[in-house]
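Worksheet: the structure to be examined is printed underneath.
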Amino acid sequence: MSQAVMADEKEGDQLNPSKLGTKAYWDKAYDCETENFRTNPSDEGVIWFEESGAEDRIAKYLEEELQIPLDASFVDVGTGNGHLLFTLREENEYHGGKMLGIDYSEKGVELAKEIARLRGLEKEVEFECVDVIKDDVQKWAGDGFDVVLDKGTFDAISLSDELLEDGRRIAAGYAEKVAQAVKPGKWFIITSCNWTEEELKEKLGCVGGLEYYGSIKYPSFTFGGKQGQAISSVCFKRS
């Protein structure tokens with residue numbers, strides 16, 4: 001689903017606002033996916049960055065690079081249909097720790113809960129309607145999580161034209177909020193199709209104790225004499 005949140009243009013260090021940054025857009029999208037799922041339960045909706053194998057690469061990085069224990073706690077910010085958490089629970093056998101998916105779209109949360117019930121995971125993977133920018137982090141994150149995941153959510157937030165109280169666009173407040181959900185010494189992994197690794201380091205690193213740790217490698221391409229990747233997955237550790 002990388003194309004779904006891909007920006008048309010950048011202006012300076014910001015993305016031009018788009019309907020893809022509005023709650024109305026995502027409510028409508030998840031309404032459609034829920035209707036499709038109820039008609040055909042094998043259709044659980046779009047898997048973000050599936051064409052790049054992002055979920056498998058994230059899981060491999062968690063296991064091999066970070067050596068995350070199987071009882072670790074996870075939160076997926078902007079979870080949508082919850083597919084990443086289901087994959088980690090069922091295919092990668094992360095059991096015992098809390099698994100929470102949050103999304104500001106009630107429609108997305110409703111879809112994720114329906115899929116969880118069909119998979120028999122409603123007691124193992126939880127979902128809550130949360131606005132990561134506007135809501136109190138303590139209320140949904142408590143003392144924090146071992147692993148905080150973002151797969152395309154910062155992309156969508158970066159396309160919003162909503163403003164913080166100080167007049168900045170809401171994307172400027174994202175790092176500070178998400179950092180509060182990460183336990184000290186633990187991990188935040190973000191995947192983006194709109195921001196490069198260097199841009200993510202600049203925007204998110206050194207905010208709220210987040211420090212750059214490493215990145216996940218994807219197949220690269222060359223365009224105009226420059227080499228790049230279609231998406232970037234960057235790992236931060238909270239000090």
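Using a 3.5 Å distance cut-off with no hydrogens or angles, the side chains of N194 and S192 do not pair a donor with an acceptor.
E63 contributes atom CD, which lies 14.0 Å from atom OH of Y61 (distance to the nearest 0.5 angstrom). Here CG of L100 is found 6.0 Å from CD of E126. Values are rounded to the nearest 0.5 Å. To the nearest 0.5 angstrom, Y30 atom OH is 9.5 Å from Y25 atom OH. Here the CZ-OG distance, from F236 to S215, works out to 10.0 Å after rounding to the nearest 0.5 Å. To the nearest 0.5 Å, atom CD1 of residue I58 and atom CG of residue L149 are 6.5 Å apart. For the atom pair E211 CD and C235 SG, the distance stands at 11.5 Å (nearest 0.5 Å).
A distance-only check finds no donor-acceptor pair linking the side chain of D135 to the backbone of V137 [under 3.5 Å]. Although no hydrogens or angles enter the test, the distance criterion places a donor-acceptor pair under 3.5 Å between the side chain of R89 and the main chain of E124. Under the 3.5 Å distance criterion, the side-chain polar atoms of S233 are left unmatched by any main-chain donor or acceptor of I216. Put simply, the side chain of S73 gets close to the backbone of D146: a donor and an acceptor are under 3.5 Å apart. Looking at D103, its side chain does come within 3.5 Å of a backbone N or O of G80 through a donor-acceptor pair. W26 contributes a side-chain N or O that, together with a main-chain N or O of L20, makes up a donor-acceptor pair within less than 3.5 Å. Judged purely by atom type and a 3.5 angstrom limit, K203 has no side-chain atom pairing as donor or acceptor with the backbone of Y174. Between the side chain of D27 and the backbone N or O of S105 there is no donor-acceptor pair closer than 3.5 Å.
Identified under the ring pair (Phe, Tyr, Trp, His ring centres under 6.0 Å) test for residues 127-151, with sequence neighbours left out: F86-F127. Residues in residues 109-123 take part in these side chain to side chain donor-acceptor pair (under 3.5 Å) pairs, two or more places apart or across chains: R38-E110, R38-E114, E44-R119, E90-R119. Pairs of residues two or more places apart, or lying in two chains, that qualify as ring pair (Phe, Tyr, Trp, His ring centres under 6.0 Å) and include a residue from residues 89-125 are F74-Y94.
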Return all side-chain donor-acceptor pairs below 3.5 angstrom for residues 64-71, not counting sequence neighbours, or 'none' if the list is empty.
unit_1	atom_1	unit_2	atom_2	d
E65	OE2	Y213	OH	3.4

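Here E176 pairs with Q180, V207 under the side-chain contact (heavy atoms from CB on, under 4.5 Å) rule; sequence neighbours left out. With sequence neighbours excluded, the residues forming a salt bridge (charged side-chain N to carboxylate O under 4.0 Å, His left out) with D31 are K107, listed by chain and number. Every salt bridge (charged side-chain N to carboxylate O under 4.0 Å, His left out) that E106 has, sequence neighbours left out, goes to K23. Legend: residues meeting salt bridge (charged side-chain N to carboxylate O under 4.0 Å, His left out) with K237, ordered by chain and number and at least two apart, are absent. In this structure E55 satisfies the side-chain contact (heavy atoms from CB on, under 4.5 Å) test together with I47, H83, L84, T87, K151, sequence neighbours excluded. With sequence neighbours excluded, no residue forms a salt bridge (charged side-chain N to carboxylate O under 4.0 Å, His left out) with E197. Checked against side chain to side chain donor-acceptor pair (under 3.5 Å), D166 has the following partners two or more places apart in sequence or in another chain: R168. For E162, the side-chain contact (heavy atoms from CB on, under 4.5 Å) test picks out K134, S160, I170, with sequence neighbours left out.
The nearest pair of heavy atoms linking G82 to A112 is N-CB, 4.2 Å. Residue P41 comes nearest to L118 through the heavy atom pair CB-CD2, 3.6 Å, listed as atom of the first residue, atom of the second, then distance. Here the closest heavy-atom approach between residue I231 and residue S52 is recorded as CD1-CB, 3.6 Å. Of all heavy-atom pairs spanning F49 and C193, the tightest one is CE2-CB, 3.8 Å. Residues N16 and L159 share a closest heavy-atom pair of O-CD2, 3.5 Å. Nearest heavy-atom pair, R238 versus V182, reported as atom, atom and distance to 0.1 Å: NH1-O, 2.6 Å.
Using a 4.5 Å cut-off on side-chain heavy atoms (C-beta onward), F154 and L200 make contact. Side-chain atoms of L88 and L62, non-hydrogen and from C-beta on, do get closer than 4.5 Å to each other. Annotation: side chain of L121 is not in contact with side chain of L85 (no heavy-atom distance under 4.5 Å). Between S158 and W195 there is a side-chain heavy-atom pair separated by less than 4.5 Å.
Crowding of D143 atom CG: a count of heavy atoms from other residues, nucleotides or ligands under 6.0 Å not exceeding 12.
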Quick one, D150 with V178, criterion side chain to side chain contact (heavy atoms under 4.5 Å, CB included). Give me CA distance, side-chain angles, the key distance, then yes/no. CA-CA 9 Å; D150 174 330; V178 80; over 6 Å; no
Yes or no on salt bridge (charged side-chain N to carboxylate O under 4.0 Å, His left out) for E198 and K201, after CA distance, side-chain angles and deciding distance? CA-CA 5 Å; E198 290 303 315; K201 288 164 65 175; 3.3 Å; yes
Begin from the C-alpha positions of T191 and W48 and carry the test side chain to side chain contact (heavy atoms under 4.5 Å, CB included) through to its verdict. CA-CA 10 Å; T191 301; W48 289 39; over 6 Å; no
Before giving the answer on side chain to side chain contact (heavy atoms under 4.5 Å, CB included), spell out for L204 and V234 the whole-Å C-alpha distance, their side-chain angles and the decisive distance to 0.1 Å. CA-CA 10 Å; L204 306 177; V234 180; over 6 Å; no
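In summary, R169 and D161 do not engage in a salt bridge, as defined by a charged side-chain N under 4.0 Å from a carboxylate O.
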